[in-house]
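As structure tokens, the structure follows; a few thoughts come after it.
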Amino acid sequence: MPTTMAPRIRTLPELLRRPTPEVAAALVGWRLIHGAVVVRIVETEAYLAQGDAASHSACGRTNRNAAMFLAPGHAYVYLIYGVHHCLNVVTAPEGVGEAVLLRAAEPLTGHSELVLRRGAGVRERDLCRGPGRLCQALGLTRAHDGRALFAGELRLEPPPTDEPRAELLIGPRVGITKSAELPLRFRAARSRFTS
DNA sequence: ATACAGATTGCCT
DNA sequence: GGCAATCTGTATG
């Protein structure tokens, strides 16, 4: 499996100027914050506007995926199988449907709140391991679809400057049936919190 | 109008 | 390992 180092990028606007696969790689290590909860992103996937049949934007804009066409830095939250929510960071310029799916994270603070939402019996490792679990743990739903992630209750923040860059494993995306060969999944090699 | 598939998860055998 | 849950969009009649 090919590896690389997560690029160190200091601000969200700077991050979002990059091509979507690079955004996906660089987001590993970033903090996702919702209220008092802070988690470290350890696994992401890129979904592209061109040549990617698995992307929700592949068939054009619909009511469900409209947020994917917003300006970069917005949230695209959708419901999968009518059951679980998944959170994406919108990346490409407004009108172009590209996004990065946040697939797994390591809990940092707000542990009790995560356990409250996920259930008392859930192991630490499983609190945010998987896109549906991540959204459940953070209390994210369609109500958060289309929100900006620059500031406010729900936001992204860069890793502390003294934190070492993550070594990334690059491979095919999980759980898709179309365009399954593209190497658009990025996960922290050392983390035990990936899916 | 009905049928089916899907960027998932948890419970069942 | 199998399968149900149950929303949204697409394909087909």
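Being a predicted model, the structure only gives us computed values, none of them experimental. Sequence lines set the chain letters: A, B, ... in the order given, protein chains first and strands last, and positions in each chain run from 1.
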Applying the side chain to side chain contact (heavy atoms under 4.5 Å, CB included) test to Val100(A), which of Leu184(A), Ile41(A), Val90(A), Thr20(A) qualifies?
Thr20(A)

Across all strands shown, which nucleotide pairs with dG1(C) by Watson-Crick or G-U wobble geometry, both distances under 3.5 Å?
dC12(B)

Watson-Crick or G-U wobble partner for dA7(B), using a 3.5 Å limit on both distances?
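Base partner found: none.
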
Would you kindly say whether [X] and [Y] are connected by a side-chain donor-acceptor distance under 3.5 Å?
X: Ser55(A); Y: Glu98(A); value: no
X: Gln136(A); Y: Arg117(A); value: no
X: His34(A); Y: Glu113(A); value: no

Most 5' of Lys178(A) and Leu134(A) on DNA chain B, judged by nearest nucleotide:
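Counting from the 5' end, the first nearest nucleotide belongs to Lys178(A).
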
Nearest-angstrom distance, [atom1] atom, [N] to [M]:
N: dA7(B); M: dG1(C); atom1: C1'; result: 22 Å
N: dC4(B); M: dC3(C); atom1: P; result: 16 Å
N: dT8(C); M: dG10(B); atom1: C1'; result: 22 Å

Calculate the interatomic distance between Leu79(A) atom CG and dA5(B) atom C1'; express it in whole Å.
15 Å

Tyr81(A) OH to dG10(B) C1', straight-line distance once rounded to whole Å
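Whole-Å distance recorded here is 14 Å.
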
Does [N] have its OP1 or OP2 closer than 4.0 Å to a side-chain nitrogen or oxygen of [X]?
X: Thr177(A); N: dA5(B); value: no
X: Arg103(A); N: dT8(B); value: yes
X: Arg118(A); N: dG10(B); value: yes

To the side chain of Val83(A), which of dT6(C), dG6(B), dA7(B) is closest?
dT6(C)

Mind listing the residues from residues 49-70 of chain A sitting with a heavy atom below 4.0 Å of DNA chain C? Number order is fine.
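Close to the strand are Cys59(A), Thr62(A), Asn63(A), Arg64(A).
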
Determine whether the aromatic ring of Tyr78(A) stacks with the base of dA7(B), defined as ring centroids separated by less than 5.5 Å and ring planes inclined by less than 30°.
no

Enclosure of Gln50(A) CD (heavy-atom neighbours >12, cutoff 6.0 Å)
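Atom CD in Gln50(A) is not packed in, count stays at 12 or less.
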
Could you pull out the closest heavy-atom pair between Pro72(A) and Thr91(A), with the gap in Å?
CB-O, 2.9 Å

State yes or no: are the ring centers of His56(A) and Tyr78(A) separated by less than 6.0 Å?
yes

